[in-house]
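A short write-up of the structure that comes next.
Residue numbers begin at 1 in each chain, while the letters A, B, ... track the order of the sequences.
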Amino acid sequence: MSAGSFYITTPIFYVNDVPHIGHAYTEVAADVLARWHRQSGDDAWLLTGTDEHGQKILRTAIANGVTPKEWADRLVETAWKPLLETVDIANDDFIRTTDERHEVNAQKFLQHLHDEGHIYTGEYEGYYCVGCEEYKQTSDLVDGTGDYAGQPVCAIHSKPVELLHEKNYFFKMSAFADRLLALYEENPNFVQPEAARNEVISFVRRGLSDLSISRSSFDWGIKVPWDESHVVYVWFDALLNYITAAGYGQNDEEFASRWPATHIVGKDILRFHAVIWPAMLMAAGIEVPKQVFGHGWLLVGGEKMSKSKLTGIAPRQITDTFGSDAFRYYFMRAISFGQDGSFSWEDLSARYQSELANGFGNLASRVIAMVVRYCDGVVPEAGALTADDLAIAATEQRVTDASRAFIETLAIHDALASVWELVDELNGYITLQEPWALAKNPDTRARLETVLHTAVGGLGTLTVLLSPVIPIATAKLWTALGGDGALADQRVDRAWEWTGGKHVSPLEPLFPRIESIVEPADA
RNA sequence: GGGGCGGUAGCUCAGCUGGUUAGAGCAGCGGACUCAUAAUCCGUCGGUCCCGGGUUCAAGUCCCGGCCGCCCUACCA
C-alpha cells in the first residue's frame, strides 16, 4: 500500500471537564490508529486539543477570579496535556480554540458562508433562567411547585424561567438534508458503526431545522466578523478546529495534503460530527470528512460512567498501578471498538495477569532467558526447518496481514485478538519443542538453535505488531532483542519479516506480577 | 410518544445472508512439564441461547407480542 495521508482526530476536550478514563479511551484509540498507520508508511497525523469558549467557562473563570483565557491556560497545562502524557499519546498537534490560527480562520470560514448566502438573521426563542444566566432546554425544566405550580421552573434554581427572544444568526442547515442523506446512502462508511449510522439517518430523515450559530448574551467566544456584538456558538466554533489545525485559510498546500479526516468521537456527540459538521463543509464547498466513527461508552457497574454517581475514574488511578501500556492494551482489547464496554477492576487485573504478564510478558522472559543461558546471548542461526517452525513463520505472516485488515476497519480489538494468536502459538511451540531438553544433549544442538531462532523471530514480530498499542514495553523488548533502529520506525505491516538481531540482553519482567490489587479510593 | 441497540456458559463476549452434537477467553477442576513473572502446555466441568406464540423440513439466527437494560429524540459543547 502506498503512502497516503491519514489524518485522524479526537474530539477537543471541553476544558472545564475533569479528565476521566472516557477521555483517555478516545485518545488511546485514535493514537493507536495513528501509530499503526504511521508504521505502515502512511503520512499519519493525529490531532487533539481543547475547546475553550462558552458561557460556562467564562462563569467558572470569574468565580476563580481570573480571565477566561487564564482559566483555560491553567486547565490545559494542569489537566489536559498531562492526560495525554499519562496514557502516552503521540499527537502531532494540539489545537486550542483560543489559538490565533483557529480564531482567525474560523472567522474566515464564517465570513465565507455569510458571503455565499448560507447565513441569515433570525430570532431565537427560548426559556432563560436568570439564576443560571443561560437558556434552558425543555428537558432542563421541571414543573414548579408551591407558588410556581403550573409553570415550568429551572431544575437547578426552582424559579420560573422567562421566555426570551434574541436576535441570532442562523445557518441554513435545513437546505442540506437531502445532500446529507445522499452522502449516507452513497458512502455507508461515512458514519460508522452501523448502529450510529442508523441513528443519524433516521434523525435527518425527520427533517432538519436551521441552526442558531451566534450568541449575544456573553462575549467569551469568537466574534462574528460582520457583527462583533455576537460570538459564535461554541459547537460551530469547536468543529472548525479540524480544519483550522490542518491549514485551512492559511496554508492551502498543507490543507490539501491532510484533509479529509477520520473523526473518532463518542457517540454522544455523533450528531454534531455526522450532521452539522458535514453540512457546514458542504456549504463552504469543502470536502466532507472521510469518516465519522462513534465509539461506545465505558460502563462501570453496568451504567455509563459519571461523576455524579461517583463512577468517574481518573486515568492515573489505573496507570499508577498498571502502567500506561496496560491501560492502552486493556481498553483496546477488552472493548469492541464502537460498542459500549464494561470496565471493572477485576477484569482489568485479570487481563493484565493472564494476557500481559503470563502471556506476552512471560513469553519474552522465557525466550530471552534461554538465549542467554544456552547461547550466551547470541541469537543462533536456524538450521533445517521442520513443519512446526514453518507453522510459526506462517502464523507471523497471517496475523500481520489480519491485524492490518482489522485496523483498516477500525476493529482494534479484533486486530489485537489476531496478534494474540501468535502469543499463544509461540508459548505452545516452546513447550512442545522443549528447548531445555534439547540443551542437555549435544546431539540436538542444531535443533536447539533452530528452535530458539524461530522463537526470537516470532517474538520480534510480536514486538513490532504490538508497538502501536503498548509502546513502552515493546521498546524495552526491542532493545533487549537487539533490534536495529527505533521500534517506532519499524513497519508494522511487514512485522513478520524481522528474523532477529545478533544479541539479546537480559530483560526485567515487562509486566510484573501485581500481588495485591487494591481498588483505589475515589480520587 | 417515536426511534436505535442489546438481553447467549460463574464473568466478558463471538455466533454473516436460518442448516449437522451453540463457540472463545478468563475463572473452576484434573494432569504434564520446568526455560520463564508459582509462569507454560494438555485435558475437563459448565448454557431452559430473556419469556410466549408463529413461519419453516430446519431458528440463538426470520415474524408477531411481552418483559428487562442502555441510548437518541437538535442548538446544556
Under 6.0 Å between the ring centres of Tyr330(A) and Phe322(A)?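 Not under 6.0 Å, so no.
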His413(A) ring center within less than 6.0 Å of Phe406(A) ring center: no
Expressed in whole Å, how much space separates the [atom1] atoms belonging to [N] and [M]?
{"N": "C71(B)", "M": "G28(B)", "atom1": "C1'", "result": "36 Å"}
{"N": "G18(B)", "M": "C63(B)", "atom1": "C1'", "result": "13 Å"}
{"N": "U61(B)", "M": "G65(B)", "atom1": "P", "result": "16 Å"}
{"N": "G46(B)", "M": "G2(B)", "atom1": "C1'", "result": "42 Å"}
{"N": "G23(B)", "M": "A38(B)", "atom1": "C1'", "result": "31 Å"}

What I want to check is whether the side chains of Tyr329(A) and Glu355(A) have a donor and an acceptor closer together than 3.5 Å. yes
Among [options], which nucleotide sits nearest the side chain of [X]?
{"X": "Pro509(A)", "options": "U37(B), A39(B), C5(B)", "answer": "U37(B)"}
{"X": "Ser354(A)", "options": "U73(B), C26(B), C5(B)", "answer": "C26(B)"}
{"X": "Ser212(A)", "options": "A74(B), C71(B), C75(B)", "answer": "C75(B)"}
{"X": "Arg215(A)", "options": "C35(B), C75(B), G25(B)", "answer": "C75(B)"}
{"X": "Glu199(A)", "options": "C35(B), C72(B), C26(B)", "answer": "C72(B)"}
{"X": "Arg366(A)", "options": "G4(B), A36(B), C26(B)", "answer": "A36(B)"}
{"X": "Lys267(A)", "options": "C26(B), U37(B), C71(B)", "answer": "C71(B)"}
{"X": "Asn427(A)", "options": "C70(B), C72(B), C41(B)", "answer": "C41(B)"}
{"X": "Leu510(A)", "options": "A74(B), U37(B), C26(B)", "answer": "U37(B)"}

Just name whichever nucleotide pairs with G60(B), Watson-Crick or G-U, keeping both distances under 3.5 Å, else none.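 None - no nucleotide pairs with G60(B), as no candidate has both distances under 3.5 Å.
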Paired with G43(B): which nucleotide, if any, by Watson-Crick or G-U wobble criteria at under 3.5 Å for both distances?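 For G43(B), the partner nucleotide comes out as C29(B), under the 3.5 Å rule.
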NZ/NE/NH1/NH2 to OD/OE distance under 4.0 Å, Glu421(A) and Arg398(A): yes
Atom CD1 of Ile57(A) to atom C1' of C76(B): distance rounded to whole Å?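 Between C1' of C76(B) and CD1 of Ile57(A): 13 Å.
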It should be established whether Ser174(A) places a side-chain nitrogen or oxygen under 4.0 Å from OP1 or OP2 of nucleotide A74(B).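 Checking Ser174(A) against A74(B): no side-chain N or O falls below 4.0 Å of OP1 or OP2.
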Quick one: does Asn358(A) reach the base of A39(B) with a side-chain donor-acceptor pair under 3.5 Å?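 Side chain to base: no pair present.
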For residues His453(A) and Ala382(A), report the shortest heavy-atom separation together with the two atoms involved.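 Shortest heavy-atom separation between His453(A) and Ala382(A) comes out as ND1-CB, 3.5 Å.
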